[in-house]
Participant: 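I'd like to ask some things about the structure below.
Residue indices begin at 1 and follow the sequence shown. Computed from a prediction, not measured in an experiment: that's the story for all the values here.
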Amino acid sequence: MTGQTHRPHLTFGGDQKGSASTPYAQYVHLTELHALQQPRSAEPAEYTFIVATQVMELLFDLLHREWTAARAALREDDLTAARDALRRGLHAQDVLVSSWDLLAAMTPAEFNAFRPVLGEASGFQSSAFLRLEFLLGNKSERLLTMYQDSPAEYDELFTELRTPSLYDEALAVLARRGLEIPAAPAAARRDHDDAVEAAWRAVYTDPALADLARLGEALLDTAERVTRWRQRHYSAVKRTMGGKPGTGGSSGLSWLKHSADQDVFPELWSVRNEL
């Protein structure tokens, strides 16, 4: 300890274009970031709605990076790297779940005041969110119809649809370790399979497979937070708009309830009945 007081620099040179800004503002593109919130109504709650949904979109991208890294690590049988990526993703998931607090406090009157300006816009149309669903294994080629006029998004989602999911790669690890895993088409959603459940039962009951059990728990941590996200989404919409149809033409509350009831990585849940 020197006893000296260290003060931050308060003057900075501009960038190459002569911009009078701080290095922090330049690094995170503050000017552009704060120009992205453009409400279309006079209702103050619309600004909250825009900020919350933009934050969610950024977190979707962050999660995609972590889950893609986990999938790649599993393909290389690097369970430590896979668990590390999944662990980092948990923090992003926790923030995502908490972000619903911003929207859940919105009253029906506040939401109805700006809902007309949304037109047919709906979070259901988020390609970043759908990309995550495909990465988890919740695949549906029918949903690509929304992006037929957006070639870049369509191609990206089509690639994800045809690529083995995070769960597919985890099960492939089990197969390479001698457990019987039935083949499944990469472009289809995996439903509950008794053989897969039996494989996880073997993992959880054989001390020699403890590293795979730790992988199973890391995947379940991820799956549980997906369920929390869906349940929080459902309750926030129920409080704010009730059972009215969604802006994008979906059935609204009933669709969200159905989604919240669907387990991600189902055999990791059902195997608990036998342990």
Participant: Checking Val55 against Leu59 for the side chain to side chain contact (heavy atoms under 4.5 Å, CB included) test, could you report, in this order, the C-alpha distance in whole Å, the side-chain angles of both residues, the deciding distance, and whether it holds?
Facilitator: CA-CA 6 Å; Val55 167; Leu59 289 169; 3.9 Å; yes

Participant: Would you check if the side chain of Trp67 reaches a backbone N or O of Ala85 as a donor-acceptor pair within less than 3.5 Å?
Facilitator: no

Participant: Under 4.0 Å between a side-chain nitrogen and a carboxylate oxygen: does that hold for Arg201 and Asp194?
Facilitator: no

Participant: Please determine whether salt bridge (charged side-chain N to carboxylate O under 4.0 Å, His left out) holds for the pair Glu133 and Arg189, giving the CA-CA distance in whole Å, both sets of side-chain angles, and the decisive distance to 0.1 Å.
Facilitator: CA-CA 10 Å; Glu133 289 285 329; Arg189 176 188 177 121; 5.9 Å; no

Participant: Above 12 or not: heavy atoms from other molecules or residues under 6.0 Å from CD of Glu180?
Facilitator: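 Check fails, neighbour count at 12 or below.
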
Participant: Would you say the side-chain atoms of Thr145 pair up with the backbone N or O of Arg142, donor to acceptor, closer than 3.5 Å?
Facilitator: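 At least one qualifying donor-acceptor pair exists.
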
Participant: Should Leu103 and Val117 be counted in the same cluster of Ile, Leu, Val, Met, Phe, Trp and Tyr side chains packed under 4.5 Å apart?
Facilitator: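 Yes, it is one cluster - the side chains of Leu103 and Val117 are joined through contacts under 4.5 Å.
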
Participant: Among the clusters formed by ILVMFWY side chains lying less than 4.5 Å apart, do Leu166 and Leu90 turn up in the same one?
Facilitator: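 As far as the 4.5 Å side-chain criterion goes, Leu90 and Leu166 are not connected within one cluster.
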
Participant: For salt bridge (charged side-chain N to carboxylate O under 4.0 Å, His left out), just list the numbers for Arg272 and Glu217, CA-CA rounded to whole Å, side-chain angles, deciding distance to a tenth of an Å, and then say yes or no.
Facilitator: CA-CA 11 Å; Arg272 264 116 176 109; Glu217 291 302 285; 2.4 Å; yes

Participant: For the atom pair CG (Leu220) and CZ (Arg225), what is the distance rounded to the nearest 0.5 Å?
Facilitator: 10.0 Å

Participant: Hey, are the side chains of Pro182 and Asp193 touching, using non-hydrogen atoms and a 4.5 Å cut-off?
Facilitator: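 Yes, at least one pair of side-chain atoms sits under 4.5 Å.
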
Participant: Might you point out which heavy atoms bring Gly89 and Leu63 nearest each other, and give the distance in Å?
Facilitator: O-CD2, 3.4 Å

Participant: Strictly distance-based, threshold 3.5 Å: is any side-chain N or O of Asn112 a donor or acceptor partner for the main-chain N or O of Pro108?
Facilitator: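 Judged by distance alone, yes, a pair lies under 3.5 Å.
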
Participant: Under a 4.5 Å side-chain heavy-atom rule over Ile, Leu, Val, Met, Phe, Trp and Tyr, are Leu179 and Leu275 clustered together?
Facilitator: yes

Participant: Taking side chain as C-beta onward, heavy atoms only, is Met56 less than 4.5 Å from Phe60?
Facilitator: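 Counting from C-beta outward, Met56 and Phe60 do come under 4.5 Å.
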
Participant: Tell me, which pairs form a side-chain hydrogen bond (donor to acceptor under 3.5 Å, both in side chains) where one or both residues lie in residues 42-53, sequence neighbours left out?
Facilitator: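 Residue pairs with at least one partner in residues 42-53: Ser41-Glu46.
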
Participant: Does Trp255 offer a backbone N or O that forms a donor-acceptor pair with the side chain of Ser259 under 3.5 Å?
Facilitator: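 Such a contact is absent between Ser259 side chain and Trp255 backbone.
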
Participant: Kindly give the heavy-atom pair with the smallest separation between Ala73 and Ala82, and that separation in Å.
Facilitator: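 Scanning both residues completely, I find the closest heavy atoms to be CB-N, 3.6 Å.
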
Participant: Would you give the length of the straight line joining atom CD of Gln231 to atom CG of Asp261, rounded to the nearest 0.5 angstrom?
Facilitator: 8.0 Å

Participant: I'd like to check Phe124 versus Leu143 (side-chain heavy atoms, cut-off strictly below 4.5 Å). Are they in contact?
Facilitator: yes

Participant: Could you tell me the separation between the CG atom of Leu256 and the NE2 atom of His233, rounded to the nearest 0.5 Å?
Facilitator: 4.5 Å

Participant: Where do Ala45 and Glu110 come nearest, in terms of heavy atoms and distance?
Facilitator: CB-CB, 3.9 Å

Participant: Among His91, Arg88, Gln93, find the one that has a side chain to side chain donor-acceptor pair (under 3.5 Å) with Glu66.
Facilitator: Arg88

Participant: I'd like to know if the side chain of Glu274 and the backbone of Ser270 have a donor-acceptor N/O pair within less than 3.5 Å.
Facilitator: no

Participant: State whether Arg71 and Asp168 are salt-bridged, where the test is any N-O pair (Lys NZ or Arg NE/NH1/NH2 against Asp/Glu carboxylate O) under 4.0 Å.
Facilitator: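 So Arg71 does not pair with Asp168 through a salt bridge.
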
Participant: Report the relative orientation of the aromatic rings in Trp229 and Trp100; use parallel for angles under 30°, tilted for 30 to 60°, perpendicular for over 60°.
Facilitator: tilted

Participant: Indicate yes or no: at least one non-hydrogen side-chain atom of Val196 is less than 4.5 angstrom from one of Arg190.
Facilitator: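 Val196 reaches Arg190 side chain to side chain.
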
Participant: Test Arg87 against Asp84 for salt bridge (charged side-chain N to carboxylate O under 4.0 Å, His left out), laying out the working first.
Facilitator: CA-CA 5 Å; Arg87 174 183 50 79; Asp84 286 345; 3.8 Å; yes

Participant: Quick one: do Phe129 and Leu135 end up in the same hydrophobic cluster if we chain Ile, Leu, Val, Met, Phe, Trp and Tyr together by side-chain heavy atoms under 4.5 Å apart?
Facilitator: yes

Participant: Could you tell me the separation between the CZ atom of Arg83 and the CZ atom of Arg214, rounded to the nearest 0.5 Å?
Facilitator: 5.5 Å

Participant: What distance do Ser21 atom OG and His29 atom NE2 have between them, rounded to the nearest 0.5 Å?
Facilitator: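 It is 11.0 Å, given to the nearest 0.5 Å.
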
Participant: Begin with the C-alpha distance, continue with both residues' side-chain angles, and end with the deciding distance and a verdict on side chain to side chain contact (heavy atoms under 4.5 Å, CB included) for Trp200 and Leu171.
Facilitator: CA-CA 9 Å; Trp200 281 117; Leu171 295 181; 3.6 Å; yes

Participant: Without swapping roles, check the side chain of Ser99 against the backbone of Leu96 for a donor-acceptor pair under 3.5 Å.
Facilitator: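 Looks like yes, one N/O pair under 3.5 Å.
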
Participant: How about His192: does its NE2 atom have over 12 heavy atoms from other parts shown lying under 6.0 Å from it?
Facilitator: yes

Participant: Can you hop from Tyr27 to Leu30 via hydrophobic side chains spaced under 4.5 Å?
Facilitator: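 Shared cluster, yes.
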
Participant: Report yes if some heavy atom in the side chain of Leu219 is under 4.5 Å from a heavy atom in the side chain of Leu86; otherwise report no.
Facilitator: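 Yes. Closest side-chain heavy atoms under 4.5 Å.
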
Participant: Side chains of Arg40 and Phe114: closer than 4.5 Å at any heavy-atom pair?
Facilitator: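 When only atoms from C-beta onward are counted, Phe114 and Arg40 do not touch, as no gap falls below 4.5 Å.
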
Participant: Pair Arg230, Gln262 - check side chain to side chain contact (heavy atoms under 4.5 Å, CB included), show working.
Facilitator: CA-CA 9 Å; Arg230 292 173 175 176; Gln262 302 300 306; 4.1 Å; yes

Participant: Do the side chain of Gln125 and the main chain of Glu120 share a donor and acceptor less than 3.5 angstrom apart?
Facilitator: yes

Participant: Take a 6.0 Å sphere around CZ of Arg65 and say whether it holds more than 12 heavy atoms from other residues, nucleotides or ligands.
Facilitator: no

Participant: For side chain to side chain contact (heavy atoms under 4.5 Å, CB included), just list the numbers for Leu144 and Tyr154, CA-CA rounded to whole Å, side-chain angles, deciding distance to a tenth of an Å, and then say yes or no.
Facilitator: CA-CA 6 Å; Leu144 294 183; Tyr154 184 95; 3.7 Å; yes

Participant: Would a 4.5 Å heavy-atom cut-off, applied to side chains only, mark Leu174 and Leu212 as touching?
Facilitator: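 Touching, per the 4.5 Å side-chain cut-off.
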
Participant: So which heavy atom on Ala52 is nearest to which on Leu102, and how close?
Facilitator: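 Nearest heavy atoms, Ala52 then Leu102: CB-CD1, 4.0 Å.
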
Participant: Which pair of non-hydrogen atoms, one from Val173 and one from Leu79, has the smallest distance, and what is that distance?
Facilitator: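 That closest heavy-atom pairing would be CG1-CD2, 4.0 Å.
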
Participant: Do Leu118 and Phe111 come within less than 4.5 Å of each other through their side chains, counting heavy atoms only?
Facilitator: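 Result yes, sub-4.5 Å side-chain heavy-atom pair found.
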
Participant: For Tyr204 and Ala213, work out which heavy atoms get closest and say how close.
Facilitator: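 The answer is OH-O, 3.9 Å.
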
Participant: Do any N or O atoms from the side chain of Lys139 and from the backbone of Ala187 form a donor-acceptor pair under 3.5 angstrom?
Facilitator: no

Participant: Step through the shown structure and confirm whether more than 12 heavy atoms of other residues, nucleotides or ligands are within 6.0 Å of CG on Asn273.
Facilitator: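 Yes, enclosed.
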
Participant: Run the salt bridge (charged side-chain N to carboxylate O under 4.0 Å, His left out) test on Asp206 and Arg177 for me, step by step, so that the C-alpha distance in whole Å, both residues' side-chain angles and the decisive distance to 0.1 Å come before the verdict.
Facilitator: CA-CA 12 Å; Asp206 186 348; Arg177 293 285 289 273; over 6 Å; no

Participant: Distance check, rounded to the nearest 0.5 Å: Phe49 atom CZ versus Gln54 atom CD?
Facilitator: 10.5 Å

Participant: Look at the side chain of Asp221 and the backbone N and O of Ala218, then say whether any donor-acceptor pair between them is shorter than 3.5 Å.
Facilitator: no

